[in-house]
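Okay, structure first, notes after.
When reading the values below, keep in mind they use all heavy atoms of this one structure, side chains included, and skip hydrogens, waters and symmetry mates. As the structure is a prediction and not an experimental result, all values here were calculated from the model.
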Amino acid sequence: MKPFRKHVALAIDGGGIRGTMVAKALAVVEAELGQSWSDMVDLTAGTSTGSIIAAAIAARLPAARLHELYVHLGASIFKKSLRSLWPLSGYRYPNEPLKNALRETLGELRMGDVWKQPNPLDVVITVRDLVENRTRFVKSWKDEYQDWTLWYAVLCSSTVPTYFPVIDGRYVDGGVGAYTNPCYYAAYEGEIFLGWDQKETTLISIGTGREPGGLAVGQANRFNALQWIRPLIDTFLADANDQQVRVVRHFFPDLDFRRFQIDLNPVIAIDDPSGIPALTRMGEKLAEMILNDQVDDTPQRAVGVPEMALIEGSTL
C-alpha cells in the first residue's frame with residue numbers, strides 16, 4: 001500500500017446493508033496497519049450507509065466494532081412485516097430500530113463537537129431536503145449544523161425513500177441526486193474549503209459493490225411498469241457513481257485518488273440481512289484490494305458524455 005500524503009480524506013458510498021462489506025474492509029485495513037481510521041484521516045464524507053461509517057469514524061469507533069454492529073443489528077433494522085408489502089404502504093420499515101441503534105452508538109455527539117475537538121475532523125454528510133429541493137452538505141465546521149447530532153444527520157442521510165419514513169417531513173437519503181458516491185464533494189471540500197493542495201492530498205473512495213451484467217436481449221420488451229423500476233434505479237445509481245469518479249479524475253488530476261469498488265457476487269439487495277456473511281467475505285476481498293492499491297478502472301473505460309458537461313450548471 002502506497003503511503004498516504006499529508007492530508008487524507010475518506011469517502012464512502014451509500015448502499016444499505018452492503019455497508020457491512022465496507023466496515024469489514026476498513027477493519028482488516030486497521031488491523032494490518034495497526035492504526036485506526038480516525039487517526040489516519042482528516043476528512044470523512046458519506047451518503048446513507050456511508051454516512052454511518054463516516055460518523056462512526058468521527059466518533060472514534062473501531063471499524064471492527066462497526067462491523068459487529070452491522071452484523072448484529074441488520075436483521076432488526078430490516079425486519080420483514082406486513083408493512084414490507086410495498087407499494088401497498090408508504091414505506092417498508094419503521095425507523096425506530098435504526099434511530100435507536102444510531103443514538104446508542106453515537107450518543108449525543110454533535111457535528112460541532114467533532115470540529116472543536118483537539119484534532120478537528122471535517123465530517124460531511126449528504127442529506128436531501130425535499131422542502132427546499134436541494135442536497136444539503138451537513139458539515140462539522142459549518143455554523144448552520146453545529147448543533148445537529150451525528151445520529152440525527154446520519155438518520156436523515158440513511159432514510160431511503162420507500163424504505164423508511166421521511167424525517168421531519170423533509171429529509172431523506174442524500175443519494176437522491178448525484179451524491180450516492182460523495183467522492184467529488186470530498187475532493188471539492190478538501191481543496192476549496194480546507195485549502196488543501198492536491199499534491200499533498202490522498203482521497204480514498206470506497207464503493208458498496210457493483211451489480212454485474214445487464215439484461216438479456218429482448219428482456220425489457222416484456223417489462224410492465226413496476227418491472228422497470230429496478231433496472232432504472234440500478235442504471236441511475238451505477239452511472240451516477242462512475243460519473244463522480246470521472247469528474248474527480250478530470251478536475252483534480254494531481255490528487256492521489258484511489259477508488260475501490262468490487263463486483264457483487266452474489267448480488268445482495270440493500271435490505272437483505274441474510275447476505276451479511278457473503279458481504280463479510282467480500283469485505284475481506286475489498287480489504288486486499290485496498291492494501292494492494294488495486295483501484296477500480298471501470299469509470300475510465302466507461303463511455304459517457306464529456307466530463308465538463310457532467311457538472312455544467314451545478315452549484316455547491
About how many Å separate [atom2] of [Y] and [atom1] of [X], when rounded to the nearest 0.5 Å?
X	Y	atom1	atom2	result
Leu106	Leu61	CG	CG	7.5 Å
Arg134	Arg128	CZ	CZ	9.5 Å
Glu189	Lys139	CD	NZ	4.0 Å
Lys99	Trp151	NZ	CH2	4.5 Å
Glu108	Leu150	CD	CG	10.0 Å
Arg92	Phe164	CZ	CZ	10.5 Å

What heavy-atom pair brings [X] and [Y] nearest, and what distance separates the two atoms?
X	Y	answer
Ile206	Arg259	C-NH1, 3.7 Å
Cys156	Val127	CB-CG1, 3.8 Å
Val160	Ser48	CG2-OG, 4.1 Å
Pro165	Asn95	CG-ND2, 3.6 Å
Ser205	Asn181	OG-OD1, 3.8 Å
Gly175	Thr47	N-CG2, 3.2 Å

Any donor-acceptor pair under 3.5 Å linking the side chain of [X] with the backbone of [Y]?
X	Y	answer
Thr208	Gly14	yes
Trp148	Val138	no
Gln146	Met111	no
Glu30	Ala63	yes
Gln244	Tyr179	no

Problem set entry | Ionic contact status for Asp263 with Lys285, cut-off 4.0 Å | no

Exercise. Are Arg18 and Asp13 ion-paired here, with the side-chain N under 4.0 Å from a carboxylate O?
Worked result: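 Looking at Asp13 together with Arg18, the answer is no, because their closest N to O distance does not fall below 4.0 Å.
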
Does some side-chain heavy atom of [Y] sit less than 4.5 Å from a side-chain heavy atom of [X]?
X	Y	answer
Leu279	Lys24	no
Val29	Trp37	yes
Tyr93	Ile77	no
Asn241	Arg210	no

Report, one line per pair, each donor and acceptor closer than 3.5 Å where one atom sits in a side chain of residues 117-125; sequence neighbours left out.
from   : atom 1 : to     : atom 2 : distance (Å)
Gln117 : NE2    : Val114 : O      : 3.1
Gln117 : NE2    : Asn119 : O      : 3.1

Provide the full list of salt bridge (Lys or Arg N to Asp or Glu O under 4.0 Å) pairs with a residue in [range], sequence neighbours left out, each pair given once.
range	answer
residues 148-164	none
residues 146-159	Arg110-Asp147
residues 161-186	Asp129-Arg170, Glu132-Arg170
residues 39-48	Asp39-Arg60

For this session: Assess Lys142 against Phe193: is NZ or CZ under 6.0 Å from the centre of the six-membered ring, and within 45 degrees of the ring's axis?
Result: no

Side-chain donor-acceptor pairs of residues 286-293 under 3.5 Å, sequence neighbours excluded:
from   : atom 1 : to     : atom 2 : distance (Å)
Asn292 : ND2    : Glu288 : O      : 2.7
Asp293 : OD1    : Arg258 : NH1    : 3.3
Asp293 : OD2    : Lys2   : N      : 2.8

Exercise. side-chain hydrogen bond (donor to acceptor under 3.5 Å, both in side chains) with Glu68: which residues, sequence neighbours excluded?
Worked result: Arg65

Problem set entry | Residues which pass side-chain hydrogen bond (donor to acceptor under 3.5 Å, both in side chains) with Ser158, listed by chain and number, not counting sequence neighbours |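 Per chain and number, Ser158 pairs via side-chain hydrogen bond (donor to acceptor under 3.5 Å, both in side chains) with no residue.
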
Side chain to side chain contact (heavy atoms under 4.5 Å, CB included) partners of [X], counting only residues at least two apart:
X	value
Asn265	none
Thr201	His7, Trp196, Leu255
Ala186	Ala11, Leu43, Ala45, Leu203
Ala31	none

For this session: Give a yes or no on this: more than 12 heavy atoms of other residues, nucleotides or ligands lie within 6.0 Å of atom CD of Glu104.
Result: no

Exercise. For residues Thr126 and Thr135, is any side-chain donor paired with an opposing acceptor at under 3.5 Å?
Worked result: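 The criterion, which ignores hydrogens and geometry beyond distance, is not satisfied for Thr135 and Thr126.
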
Exercise. Given the rule in the side-chain hydrogen bond (donor to acceptor under 3.5 Å, both in side chains) test, do Asp271 and Tyr163 qualify, once you have shown the distances and angles that lead to the verdict?
Worked result: CA-CA 9 Å; Asp271 62 338; Tyr163 285 82; 4.6 Å; no

For this session: For Leu66 and Ile53, run side-chain contact (heavy atoms from CB on, under 4.5 Å): C-alpha distance rounded to whole Å, both residues' side-chain angles, the deciding distance at 0.1 Å, then the answer.
Result: CA-CA 8 Å; Leu66 180 60; Ile53 297 171; 3.7 Å; yes

Exercise. With the 4.5 Å side-chain cut-off for hydrophobic clustering, are Val166 and Val131 part of the same group?
Worked result: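 No.
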
For this session: I would like to know whether Thr49 and Val22 meet side-chain contact (heavy atoms from CB on, under 4.5 Å); could you show each step before the answer?
Result: CA-CA 10 Å; Thr49 201; Val22 178; over 6 Å; no

For this session: Before giving the answer on side-chain contact (heavy atoms from CB on, under 4.5 Å), spell out for Ile276 and Thr280 the whole-Å C-alpha distance, their side-chain angles and the decisive distance to 0.1 Å.
Result: CA-CA 6 Å; Ile276 287 176; Thr280 297; 4.1 Å; yes

Exercise. Would Phe257 and Phe252 satisfy ring pair (Phe, Tyr, Trp, His ring centres under 6.0 Å), going step by step from the backbone distance to the final call?
Worked result: CA-CA 9 Å; Phe257 178 50; Phe252 300 89; 9.0 Å; no

For this session: Starting from the C-alpha separation in whole Å, work towards a yes-or-no answer on side-chain contact (heavy atoms from CB on, under 4.5 Å) for Tyr171 and Leu155.
Result: CA-CA 9 Å; Tyr171 300 129; Leu155 183 65; over 6 Å; no

